[in-house]
Amino acid sequence: MSKKLYITTAIPYVNAKPHVGHVMDYLIADIWARHQKQLGHEVRFQVGTDEHGNKIAAKAAEAGQDPQTFTDENCVKFKQFIDSLEVSYTDFIRTTDPKHQAVVQYIWQQLAPYIYKGTYEGWYCEGCESFVTDKEAAATNGVCPDHDKPYQRLSEENYYFKASEFSDKVRAAIEGNKLKIVPEFRKHEFLNMIKDGLLDVSISRPKKSLSWGVPVPGDDTQVMYVWLDALANYITVLGYPENETWREYWPADIQVVGKDIMRFHAGLWPAMLLGLGVSLPKTLLVHGHVTVAGSKMSKTIGNVVDPVEVIDKFGVEALRYYFSRHVSTTDDSDFSWDKFEKAYNNELANDLGNLVSRAANMVMRYQAGVVGELQKPEHDMFAYNEALRELRFSDAIAEAWALVQGANKFIDETKPWVIAKNAENDPEEKEHLDEVLGHVVGSLLQVANMLYPFLPATSEKIYETFNTGVVKPLEDVLFPKIRLEAPEAAAPVLPEPAALARPPVPPAEPEQNEIG
RNA sequence: CGCGGGGUAGAGCAGUCUGGUAGCUCGUUUGGCUCAUAACCAAAAGGUCGGUGGUUCAAAUCCACCCCCCGCAACCA
């Protein structure tokens with residue numbers, strides 16, 4: 001029976017451009033969404049951008065733009081990025097959408113019984129015009145690194161949301177897996193974090209220190225702090241509350257978030273929903289972070305990898321492949337160009353791409369392109385289906401590779417080229433050849449099917465090549481080999497005395513990084 | 001101090017719940033094959049499973065203590 005399902009992704013803060021870490025959210029959600037669609041379900045799939053707050057206003061000022069222009073431009077960058085990943089989302093929301101803002105104000109009013117005025121105290125930088133966390137203040141020895149000024153202890157009046165009121169209910173929901181946190185260790189981590197209850201959360205700032213945000217209804221001196229605004233997107237995008245269809249999709253089946261923002265999604269967000277009388281999402285899928293060559297990505301270190309660069313060099317499918325297969329959903333994983341290149345060449349080009357070539361070529365060569373009777377796929381799909389059901393995505397795609405390797409092995413063992421030679425005079429061998437190649441093609445069609453959630457374009461290409469029973473060979477090879485130049489290799493070496501006599505070597509061209 | 005994750009072949013990991021010949025991928029070496037993208041297939045070498053002690057006929061696996069790395073502790077995907 002067809003179900004209506006809903007999956008959400010965290011909305012990125014648009015104060016910087018996308019980095020490879022952002023791929024996680026979209027890809028996980030997209031794999032799941034595509035798989036569910038294959039199973040015949042209808043999937044609502046939200047993505048969007050988080051656009052309010054001081055950091056954005058500051059960035060905009062830095063760029064000499066007003067915040068709206070700035071976010072308009074940055075929103076486009078994220079949208080292009082998401083589109084370039086071939087993400088099959090159905091809804092794109094911006095927190096600056098007037099409709100979203102209006103509903104956020106409505107939500108505030110609904111939560112009014114749990115909102116009270118309080119005093120916020122913390123370390124404040126006059127230059128930044130914002131508070132920093134205690135942790136950050138400690139890390140910088142109490143001096144703002146951007147302005148070289150000591151932080152001041154300041155307090156200001158603002159509104160608090162009584163999340164503490166819902167501590168027991170939230171805890172019970174998580175413990176009883178009504179709100180299931182995946183993986184399990186994150187659930188334990190969070191339950192431990194809230195063992196003394198949820199803390200009330202400051203949800204507004206005086207307008208003078210935060211102007212770029214949703215105004216607090218009934219108090220024009222205050223503006224909402226970003227989390228209330230941002231979290232609400234998951235239901236405002238569905239048309240909550242006036243468009244009743246939101247109820248067809250909510251509660252969300254899966255909410256995908258990074259480990260860094262789990263606490264807001266496991267604590268504050270459920271508390272808000274309880275305050276609104278809305279049911280809690282079913283699953284919170286918490287993914288790990290991506291490190292680059294073993295280190296945390298950081299602008300100061302300058303090791304931030306731009307996913308668009310990866311796509312330019314290797315293509316979307318390769319990026320999707322690497323993140324599906326070699327980046328753990330739940331743990332931190334490493335990205336490096338070297339690993340990426342190896343995975344691409346060994347697995348996509350040699351294992352899969354080459355298998356498609358050799359299969360297509362043999363059918364063309366020995367049977368004039370006509371595939372004999374297709375052998376029924378025989379690979380047991382249980383492990384694949386279980387892996388997807390349990391959100392173990394890399395295990396699922398690995399199953400497809402087991403099939404690919406099995407097919408390569410099968411070809412080597414059955415030696416169709418030998419059968420083809422014998423078949424010239426032996427009808428029985430001709431039949432045997434038919435059978436063997438039919439088996440290979442059958443396997444490939446099954447591979448295409450399994451690959452669809454992960455590599456939709458590749459899946460489609462394989463399908464098109466073999467599906468009709470008459471091979472339509474690809475114009476280009478699937479996944480041509482790519483070698484990135486190693487910049488180190490081009491480094492000048494001190495010439496041997498004998499070499500000095502030789503004509504000068506033309507200068508190596510740096511920055512080539514060419515696809516070859 | 002507390003909580004969580006981890007320490008297994010040169011690298012990256014599985015196996016630990018439910019003790020019983022230590023496994024996968026990459027890399028290395030050798031062999032086979034020629035349909036294919038110098039691709040594919042096979043075999044070999046390589047590990048005292050962080051340490052110490054305990055339980056057991058038997059411990060990577062269970063128990064105790066210890067060492068080291070990473071993360072979290074409320075606004076960083």
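Residue numbers start from 1 in every chain, and the chains themselves are labelled A, B, ... in the order their sequence lines are given, proteins ahead of strands.
For RNA chain B, the stems formed by at least three consecutive Watson-Crick or G-U pairs, with both atom-pair distances below 3.5 Å, span B:2-7 with B:67-72, B:10-13 with B:23-26, B:28-32 with B:40-44, B:50-54 with B:62-66.
The residue A/Ala349 sits close to a base: some heavy atom pair falls under 4.0 Å. The residue A/Tyr366 sits close only to the backbone: its heavy atoms come under 4.0 Å of sugar-phosphate atoms, none of a base. Contact annotation for A/Asn361: backbone-only contact, meaning every heavy-atom pair under 4.0 Å involves sugar-phosphate atoms and none involves a base. Within 4.0 Å of A/Gly197, counting heavy atoms only, lies at least one base atom of the nucleic acid. Heavy atoms of A/Val356 sit nowhere under 4.0 angstrom from any nucleic acid atom. Counting non-hydrogen atoms under 4.0 angstrom, A/Lys55 reaches the backbone sugars and phosphates but no base. At the heavy-atom level, A/Leu199 lies under 4.0 Å from base atoms of the strands shown. If you check every strand for non-hydrogen atoms under 4.0 Å, A/Gly21 touches a base. Base engagement by A/Ser202 is indicated by at least one non-hydrogen atom pair under 4.0 Å involving a base atom. Residue A/Val23 is out of contact with every strand shown, counting any heavy-atom pair closer than 4.0 Å.
Side-chain contact check for A/Asp83 and A/Tyr89: at least one donor-acceptor pair (N or O, by modelled atom type) lies under 3.5 Å. No side-chain donor-acceptor contact under 3.5 Å links A/Asn158 and A/Ser204. Remark: the A/Thr96 side chain and the A/Glu51 side chain contain an N/O donor-acceptor pair separated by less than 3.5 Å.
At whole-Å resolution of the value, CG in A/Leu352 and P in B/C40 are 12 Å apart. Rounded to whole Å, the distance from CG on A/Asp412 to C1' on B/A36 is 10 Å. If you take CG of A/Asp338 and C1' of B/G12, they are 12 Å apart, rounded to a whole angstrom. We find that CG of A/Asp25 is positioned 5 Å from C1' of B/A77, with the value rounded to whole Å. Atom CD of A/Glu413 and atom P of B/C40 are 16 Å apart (whole Å). The separation between A/Asn354 atom CG and B/C35 atom P is 13 Å, rounded to whole Å. As rounded to whole Å, 4 Å separates atom C1' of B/C35 from atom CE of A/Met362. Atom CD1 in A/Ile261 sits about 17 Å away from atom P in B/A74, given to the nearest Å.
Between A/Lys461 and A/Glu464 there is no salt bridge, since no side-chain N of the basic residue sits under 4.0 Å from a carboxylate O of the acidic one.
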List the atom pairs, with distances to 0.1 Å, where a side-chain N or O of residues 404-413 of chain A and a protein N or O form a donor-acceptor pair under 3.5 Å, not counting sequence neighbours.
| from | atom 1 | to | atom 2 | distance (Å) |
| --- | --- | --- | --- | --- |
| A/Asn408 | OD1 | A/Arg358 | NH1 | 2.8 |
| A/Asn408 | ND2 | A/Asp351 | O | 3.3 |
| A/Asp412 | OD1 | A/Arg358 | NH2 | 3.1 |

Practice task
Carefully, step by step, assess A/Phe314 and A/Tyr321 under the rule ring pair (Phe, Tyr, Trp, His ring centres under 6.0 Å).
Solution key: CA-CA 11 Å; A/Phe314 290 93; A/Tyr321 176 76; over 10 Å; no
Practice task
Report the C-alpha separation of A/Lys430 and A/Asp434 in whole Å, then their side-chain angles, then the decisive distance to 0.1 Å, and conclude whether the salt bridge (charged side-chain N to carboxylate O under 4.0 Å, His left out) test is met.
Solution key: CA-CA 6 Å; A/Lys430 173 83 189 80; A/Asp434 240 46; 3.6 Å; yes
Return the polar atom pairs (N/O with N/O) between nucleotides 4-10 of chain B and the protein under 3.5 Å, or none.
none

Quick one: which protein N/O atoms are closer than 3.5 Å to N/O atoms of nucleotides 22-30 of chain B? Pair and distance per line, please.
| from | atom 1 | to | atom 2 | distance (Å) |
| --- | --- | --- | --- | --- |
| B/C26 | O3' | A/Asn346 | ND2 | 3.3 |

Give each protein N/O atom lying under 3.5 Å from an N/O atom of nucleotides 43-45 of chain B, with the pair distance.
none

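For B/G12, the OP1/OP2 oxygens have no side-chain nitrogen or oxygen of A/Lys339 closer than 4.0 Å. Note on A/Lys481: a side-chain N or O is less than 4.0 Å away from OP1 or OP2 of B/A39.
Listed by first then second residue, pairs satisfying salt bridge (charged side-chain N to carboxylate O under 4.0 Å, His left out) with a partner in residues 254-270 of chain A read A/Lys259-A/Asp332, not counting sequence neighbours. Contacts classified as salt bridge (charged side-chain N to carboxylate O under 4.0 Å, His left out) and involving residues 13-25 of chain A (residues at least two apart or in different chains) are given here: A/Lys17-A/Asp306.
Of the candidate nucleotides B/C35, B/A36, B/A77, B/C35 has the atom lying nearest to any side-chain atom of A/Trp417. In the set B/C75, B/A39, B/A73, the nucleotide with an atom closest to the side chain of A/Tyr225 is B/C75.
Under the ring pair (Phe, Tyr, Trp, His ring centres under 6.0 Å) criterion, A/Phe161 pairs with no residue, sequence neighbours left out. Residues passing the ring pair (Phe, Tyr, Trp, His ring centres under 6.0 Å) test with A/Tyr366, sequence neighbours excluded: none. Scanning for side chain to side chain donor-acceptor pair (under 3.5 Å) contacts around A/Lys187 gives A/Asn177, with sequence neighbours left out. Take A/Glu175 and apply the side-chain contact (heavy atoms from CB on, under 4.5 Å) test, not counting sequence neighbours, and it matches A/Arg171, A/Leu191. Applying the ring pair (Phe, Tyr, Trp, His ring centres under 6.0 Å) criterion to A/Trp32, with sequence neighbours excluded, gives no partner residue.
In this structure, A/His100 contributes its side chain and A/Asp229 its backbone to a donor-acceptor pair below 3.5 Å. The main-chain N or O of A/Glu156 is never found under 3.5 Å from a side-chain atom of A/Thr119 such that the two would form a donor-acceptor pair.
Remark: ring of A/His287 not stacked against base of B/A77; the cut-offs of centroid gap under 5.5 Å and plane tilt under 30° are not jointly satisfied.
Comparing A/Val404 and A/Val226 against RNA chain B, the residue whose closest nucleotide sits nearer the 5' end is A/Val404.
Taking the C1' atoms as reference points, B/U56 lies 9 Å from B/G19, given to the whole Å.
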